[in-house]
2 protein chains.
Amino acid sequence: MTGQVRTVDGRVAGRRGQATRQKLLECLSEMLSTHPYRDVKVIDVARMAGTSPATFYQYFPDVEGAVLELAEEMAKEGTTLTDLVAGRNWVGKPAYAAAEDLVDGFLTFWRKNDAILRVVDLGAAEGDKRFYKIRMKILNAVTNSLTDSIKELQSKGKVDKTVSPAAMAGSLVVMLAAAAAHQKGFQSWGVKQAELKPNLALLVHLGVTGKKPTK
Amino acid sequence: MTGQVRTVDGRVAGRRGQATRQKLLECLSEMLSTHPYRDVKVIDVARMAGTSPATFYQYFPDVEGAVLELAEEMAKEGTTLTDLVAGRNWVGKPAYAAAEDLVDGFLTFWRKNDAILRVVDLGAAEGDKRFYKIRMKILNAVTNSLTDSIKELQSKGKVDKTVSPAAMAGSLVVMLAAAAAHQKGFQSWGVKQAELKPNLALLVHLGVTGKKPTK
DNA sequence: AAGGTAAACTGACGGCATGACAGGACAAGT
DNA sequence: ACTTGTCCTGTCATGCCGTCAGTTTACCTT
């Protein structure tokens, strides 16, 4: 579609403009990683980028608008998460490997983008449709894929008919997202990273296949 | 301990003072339910409470400080969640009922306090220890209880030794919290409330006992 | 009831973020 | 060098933040 980068007042941005715009986004990202969302101010981001607040407002309506921009970028990258599920075999021994890979990929992706994902999560929970949509875009990739896998197992009679594939897939994906977001939280329960992964994988396996993995 | 309510500058608050303080908290709570966290301003809360910003700052250091107050209150109430797990029988048919009750209680509690829990979640994810502690207080009640249940099943040989009780309990609780926080999100996957609950209960059952529920 | 004291509240102020605008700096082509 | 369109910044009005000095209110003592 319209791949044109535009300023707030409708001008098309040239090379130099795009560069500063990008720099502002980078600084914002940095800022989000090191300061509470509520305290991220336009003036700080602008200063960090070596420019003025007025410039910031040329490219973004406000902080939220800029965060949405970052989130969109991330969402594009996030659709590659589908590869973790699509075309996997959920029967027998390969099933557990699939579960492990899914958990691993998910945790890695979340850790890499945790600062933005925090804000996206908040915005979505607050009912902001724009953030909500982005969150869906990321999670849908995995959820739909998982849903299909469960449906297939069901049609083969390998999974109980009472299970709702979408609800189960959604629950699992939501669990992974939350576990990823609060990875540090587990430490205070005396749970080490290394312990967490296999248990999440076990739960994913149990949820999808309904059975314990065959070792 | 010191049950004294104090102002920021150290005075002990009297009857009238406590009343306005309480009113401010109520208005803040209302504000959090209807506006994005980032946009909640002291002046708006004060206006809604029919007082001035200066009064607000007599009782709370800032918006965050007041939210912590609200969260503490909620956390006290939240420890009753333990009752949903403690003393439950996780063998045979009663196990599924236990899982159902846990899911139901959790979702209800979360929905009732969603506005504050959103902020607590954000604060915790951002690494703020105060919010983190409150989140733990609520989740620990359930997690520790679940952990014990799993340990017990393990000692009886009913659950695989490779399972880490704490990691499993933590994963399940985190899943419930996330599912509760994004209840609306499931609708766009075509999942109805009524479908979600039994599937969550099934996952809890699978996670704790390692087996499908006996109907 | 008068007077005293601590509590409760407010008006006002300096400081800072926001957001709009107009004008100057810059790059690229002629 | 000149023109043109893009890009950036100085400046300003507005509004919120957070503090303080000072006023009003409630309560207690005598």
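The basis for the numbers below is simple: all heavy atoms, side chains too, and nothing from hydrogens, waters or symmetry mates. Residue numbers begin at 1 in each chain, while the letters A, B, ... track the order of the sequences.
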Whole Å only: how far is the CG atom of A/Leu24 from the P atom of D/dT9? 10 Å
Rounded off to whole Å, could you give me the CD-to-P distance for the A/Gln22 and D/dC7 pair? 14 Å
Between the main-chain N or O of B/Val163 and the side-chain N or O of B/Gln154, is there a donor-acceptor pair closer than 3.5 Å? yes
With a 4.0 Å heavy-atom cut-off, tell me which residues in residues 43-64 of chain B come close to DNA chain C, sorted by residue number. B/Thr51, B/Ser52, B/Ala54, B/Thr55, B/Gln58, B/Tyr59
Measure up the A/Phe106 and A/Trp110 rings against each other and bin them: parallel (under 30°), tilted (30 to 60°), perpendicular (over 60°). parallel
Which pair of heavy atoms, one from B/Val159 and one from B/Thr209, lies closest together, and at what distance? CG2-O, 3.7 Å
Looking only at non-hydrogen atoms, find the nearest pair between A/Val67 and A/Leu28 and report the distance. N-CD2, 3.8 Å
Using a strict threshold of under 4.0 Å (side-chain N to carboxylate O), is an ion pair present between B/Arg47 and B/Asp44? yes
Quick check for you: to the nearest 0.5 Å, what is the distance between B/Tyr37 atom OH and B/Met31 atom CE? 13.5 Å
In whole Å, I'd like the distance from the NZ atom of A/Lys23 to the P atom of D/dC7. 17 Å
If you compare every side-chain N and O of B/Arg21 against the phosphate oxygens of C/dA8 (OP1, OP2), does one of them come in below 4.0 Å? no
What integer distance in Å separates A/Lys41:NZ from C/dG19:C1'? 15 Å
Both B/Gln18 and B/Arg38 contact DNA chain C. Taking the nearest nucleotide for each, which residue is further toward the 5' end? B/Gln18
